[in-house]
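Have a look at the structure below, then the notes.
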Amino acid sequence: MANKSVIKNVNEHVGESVVIGSWVNNKRSSGKIQFLQLRDGTGYIQGVVVKSEVPEQVWNDAKSLTQESSLYVTGIIREEPRSQSGYEMTVTGIEIIHLTENYPITPKEHGVDFLMDHRHLWLRSSKQRAVMVIRAEIIRAVQQFFNEHGFTKVDPPILTPTSAEGTTNLFHTKYFEEDAYLTQSGQLYMEAAAMALGRVYSFGPTFRAEKSKTRRHLIEFWMIEPEMAFTDHEESLCVQEEFISFVVQSVLTNCRAELEAVGRDVSKLENIKAPFPRISYDDAIKFLNEKGYEIAWGDDFGAPHETAIAEMSDRPVFITHYPASFKAFYMKPHPERPEVVLCADMIAPEGYGEIIGGSQRIDDPALLEARFKEHNLSMDTYKWYMDLRTYGTVPHSGFGLGLERTVAWICGLDHVRETIAFPRTLYRLYP
């Protein structure tokens, strides 16, 4: 009796008869031979049905198969250097599970709106599958890096009573009789966790109610947020560049076939190794002015500015020491220049923008209290956060990585909507 296998593992069964549960990705015929392009979620393989070598029923079943029909296919695995996977199956048996009719996504070109309306089916395509595999590898590498560097995973709440950054771009809901919001960041809670565990990280969904339609924004996205006690700004930057280098190199090692499937130029990723170049906000303003951009000190950067700065290098670039005026209330001022804060944004190459934002946090209780007043934040609401400075305050730093932007950059995608299985954008809540 044939052993059950998956396509990914057929290299272990050369010369053997196996059964694979699969779908028909495509099919073509050459007279007395049918070529079935099969997929099972783990990979792709061609099944060859030779009329003279199989019972008539098997031949007829093969002829009846349509795109995305499901079946158990039995056959002998053999090496085939011309195949993309290096293997092929000589089909000996077919058990049809379901014959699909009028599958809506055909090999022809479809518009983005059509594909997004059929996202639940579009995920089956080779490119979209590859993106999901790369995303999963990025997540695996993230967890490996932090596990190997002494971090403990902590899960902050999704429902919160306050904003993490004092903004109004929040999704409001009722928590029984109280107001509550979907989290825009787990950072404040991770600071509390760091005071208990030293080095921590979270990985979970976050939400922004910004009415943005750019290719870099999603309404619901996933964040990785490490927080480190007894760690200053400079030490945090070193962790960030080692972290990104590790993740990119892991994808290169473990997802070559998927990177090829999405058409990624891997040579652009092979250079992503620490250390990364750095430029201060002051110097970035001068650089942009010299390039002809009209931007003044005190203005925040937009996408064109970040892209121009990123073009300075083939690796990510840190922009450091932004003005305090447009940064979050919790960022620590530079000891010699209180108008700027000890923070940095990591800008990805090739126009993908900010993928990490981080800073050293204020650890002085009096200064944090002053910041609350400046930003009109309720001391009652943030009392628990103030307690972190009242009881054993220490220097600490942290950062947040946006997973979807990172996936878009590593895959070389034009839009973040393809980086998550079911994207939530300004005008899309279906499927």
Side-chain angles (χ1 to χ4, degrees), residues 1-110 115 118 120-134 136-137 254-264:
M1 180 178 287
N3 292 318
K4 205 168 185 180
S5 182
V6 293
I7 292 171
K8 183 180 180 180
N9 296 338
V10 295
N11 62 307
E12 301 171 4
H13 300 284
V14 175
E16 299 176 9
S17 181
V18 298
V19 177
I20 298 175
S22 59
W23 294 270
V24 178
N25 190 55
N26 209 340
K27 187 179 79 168
R28 63 186 178 87
S29 178
S30 177
K32 297 181 179 181
I33 302 176
Q34 294 184 67
F35 300 94
L36 310 179
Q37 308 302 323
L38 303 171
R39 65 172 189 86
D40 72 344
T42 72
Y44 298 83
I45 194 169
Q46 179 168 267
V48 181
V49 188
V50 181
K51 187 174 184 179
S52 62
E53 297 178 3
V54 297
E56 185 177 359
Q57 184 63 49
V58 173
W59 176 258
N60 291 335
D61 284 344
K63 283 182 68 175
S64 71
L65 291 171
T66 53
Q67 184 185 356
E68 287 306 312
S69 288
S70 53
L71 68 153
Y72 288 111
V73 59
T74 303
I76 298 168
I77 302 301
R78 56 188 176 82
E79 293 184 355
E80 175 49 78
R82 292 171 297 178
S83 165
Q84 186 174 2
S85 67
Y87 301 92
E88 202 168 69
M89 171 186 266
T90 300
V91 175
T92 58
I94 289 174
E95 179 188 339
I96 295 173
I97 301 170
H98 181 259
L99 286 175
T100 295
E101 295 181 15
N102 303 317
Y103 186 69
I105 301 178
T106 62
K108 72 176 185 180
E109 287 291 322
H110 294 283
L115 291 171
H118 294 83
H120 50 296
L121 302 177
W122 190 25
L123 281 172
R124 302 181 185 188
S125 71
S126 58
K127 180 181 176 184
Q128 299 307 310
R129 173 199 169 272
V131 172
M132 292 302 105
V133 171
I134 292 168
E137 173 59 22
N254 298 317
C255 293
R256 285 275 174 171
E258 286 76 19
L259 289 168
E260 183 178 330
V262 300
R264 187 57 160 124

(message) For Tyr72, is the OH atom crowded, meaning more than 12 foreign heavy atoms sit under 6.0 Å from it?
(response) no
In this structure, CG of Leu65 is separated from CH2 of Trp23 (nearest 0.5 Å) by 14.5 Å
Worksheet entry | pair Asn9-Val18: side-chain heavy atoms closer than 4.5 Å | no
Rounded to the nearest 0.5 Å, the CZ atom of Arg39 sits from the CD1 atom of Ile7 at a distance of 9.0 Å
query: Does Ile105 offer a backbone N or O that forms a donor-acceptor pair with the side chain of Gln67 under 3.5 Å?
result: yes
### Any donor-acceptor N/O pair, Tyr103 side chain to Thr66 backbone, under 3.5 Å
no
Looking at Ser70 and His98, would you say the former's side chain and the latter's main chain have a donor-acceptor pair under 3.5 Å? yes
Output for pair (Glu56 CD, Asp61 CG), nearest 0.5 Å, gives 10.5 Å
query: So, do Val10 and Met89 sit near enough that their side-chain heavy atoms are less than 4.5 Å apart?
result: no
Rounded to the nearest 0.5 angstrom, the CG-CG distance for Asp40 and Leu71 is 11.0 Å
_Could you tell me if the side chain of His13 sits less than 4.5 Å from the side chain of Tyr87, heavy atoms only?_
no
Is the closest side-chain heavy-atom distance between Ile77 and Ile45 below 4.5 Å? yes
message: Tell me whether Ser69 contacts the main-chain N or O of Thr100 through its side chain, where contact means a donor paired with an acceptor under 3.5 Å.
response: yes
message = For a 4.5 angstrom cut-off between non-hydrogen side-chain atoms, does Val262 reach Glu258?
response = no
So for atom CD, which belongs to Gln84, do other residues, nucleotides or ligands contribute more than 12 heavy atoms lying within a distance under 6.0 Å? no
| request: Output yes when a side-chain donor or acceptor of Gln37 lies under 3.5 Å from a complementary backbone atom of Tyr44, and no otherwise. | output: no
Sequence neighbours excluded, the answer for side-chain hydrogen bond (donor to acceptor under 3.5 Å, both in side chains) partners of Ser85 is Ser83
Quick one: are Arg264 and Ile134 in side-chain contact, heavy atoms under 4.5 Å? no
Taken to the nearest 0.5 Å, the spacing of Phe35 CZ from Gln46 CD works out to 6.0 Å
Okay, side chain of Ser17, backbone of Ala2: is any donor-acceptor separation there less than 3.5 Å? no
Closest non-hydrogen atoms of Thr92 and Pro55, given as atom of the first, atom of the second and distance, are O-CD, 4.4 Å
Side-chain heavy atoms of Ile94 within contact of Val54, under 4.5 Å | no
#### Entry: Exam field: side chain Lys27 to backbone Lys63, donor-acceptor pair closer than 3.5 Å
yes
Across all chains, not counting sequence neighbours, the side-chain contact (heavy atoms from CB on, under 4.5 Å) partners of Arg78 are Val48, Glu80, Glu88, Thr90
